[in-house]
Amino acid sequence: QVQLVESGGGLVQTGGSLRLSCAASGRTFSNYVMGWFRQTPGKEREFVAAIRWSDGNTYYADSVEGRFTISKDGAKNTMYVQMNSLKPEDTADYYCAARSLPSLSRSPSGYRYWGQGTQVTVSS
């Protein structure tokens, strides 16, 4: 089994920045994908960004491309997302996820393992 733990959420003003971390433990994979999703009450869980562990290739949702940067530290088994130029519509619970296949995916159903979530609030 894989355990995922998010951290780094908080309250920031519009235009501010946050960096979220996701630490993975348990069984390791040679080739897999990790991603970030977000969710607010009454909305479907929304894809944010994903990264392929083997080569670092990334994929971003249109709503965050140019503002968010996903990265990884293989030695620490940790994934990050640097979130800049934050907007009120970025307010959500952010979830770390992982899948055991190397193909990038933006669908929540494609990810087997999930963290507990970390809250991000952007005030106007």
Side-chain angles (χ1 to χ4, degrees):
Q1 294 294 314
V2 174
Q3 295 82 46
L4 305 174
V5 179
E6 305 98 329
S7 62
L11 173 65
V12 297
Q13 293 183 335
T14 297
S17 298
L18 283 173
R19 189 177 75 156
L20 306 182
S21 300
C22 174
S25 61
R27 296 192 181 276
T28 59
F29 308 123
S30 297
N31 295 292
Y32 65 100
V33 168
M34 295 183 68
W36 290 98
F37 292 79
R38 64 189 184 186
Q39 189 167 26
T40 57
K43 293 187 65 178
E44 297 285 305
R45 188 161 295 187
E46 177 188 14
F47 172 77
V48 176
I51 186 166
R52 187 161 57 208
W53 216 253
S54 61
D55 59 8
N57 280 8
T58 59
Y59 182 71
Y60 295 92
D62 290 344
S63 59
V64 307
E65 191 163 19
R67 299 187 298 121
F68 291 11
T69 303
I70 190 170
S71 62
K72 64 180 179 68
D73 185 334
K76 297 181 179 180
N77 291 321
T78 300
M79 175 183 65
Y80 308 93
V81 59
Q82 176 68 42
M83 306 187 297
N84 298 326
S85 301
L86 284 163
K87 307 173 181 179
E89 51 263 46
D90 295 318
T91 295
D93 290 333
Y94 282 72
Y95 295 88
C96 174
R99 71 194 239 110
S100 58
L101 296 174
S103 56
L104 296 171
S105 175
R106 62 182 297 153
S107 174
S109 64
Y111 292 79
R112 184 180 184 91
Y113 305 101
W114 293 85
Q116 83 289 347
T118 186
Q119 186 178 55
V120 172
T121 302
V122 184
S123 62
S124 61

request  = With rounding to the nearest 0.5 Å, note down the distance linking CE in M79 to CG in D73.
outcome  = 12.5 Å
ask   = Between atom CE of M83 and atom OG1 of T69, what is the distance when rounded to the nearest 0.5 Å?
value = 11.0 Å
note = Given the options Y80, W36, Y59, I70 meets side-chain contact (heavy atoms from CB on, under 4.5 Å) only with W36
request  = Return yes if some donor-acceptor pair links the side-chain N/O of T91 with the main-chain N/O of V122 below 3.5 Å, else return no.
outcome  = yes
Sole candidate of V81, N84, V120, D90 that passes side-chain contact (heavy atoms from CB on, under 4.5 Å) when paired with L18 = V120
message = Measuring from atom CZ of R112 to atom OH of Y32, what distance do you get when rounded to the nearest 0.5 angstrom?
response = 15.0 Å
message = According to salt bridge (charged side-chain N to carboxylate O under 4.0 Å, His left out), who are the partners of E46, at least two apart in sequence or on a separate chain?
response = R38
inquiry  = Rounded at 0.5 Å granularity, tell me how far SG in C22 sits from CD in E6.
reply    = 5.5 Å
inquiry  = In the structure I gave you, are the side-chain heavy atoms of M34 and Y113 within less than 4.5 Å of one another anywhere?
reply    = no
message = Rounded to the nearest 0.5 Å, what separates atom CZ in R106 from atom OH in Y60?
response = 14.0 Å
F37 six-ring centre to R45 NZ/CZ under 6.0 Å and within 45° of normal = no
key: Residues forming a side-chain hydrogen bond (donor to acceptor under 3.5 Å, both in side chains) with S107, sequence neighbours excluded   = S109
request  = Determine whether the side chains of R99 and S103 contain a donor N or O and an acceptor N or O closer than 3.5 Å.
outcome  = yes
task = Ignoring hydrogens and angles, tell me if any N or O in the side chain of S124 forms a donor-acceptor pair with the backbone of P88 under 3.5 Å.
result = no
ask   = Is the count of non-hydrogen atoms from other residues, nucleotides or ligands lying under 6.0 Å from E44 atom CD greater than 12?
value = no
query = Going by heavy atoms in the side chains, are S17 and V12 under 4.5 Å from each other?
reply = no
note = One should read off an interatomic distance between Y111 OH and L101 CG, to the nearest 0.5 angstrom, of 10.5 Å
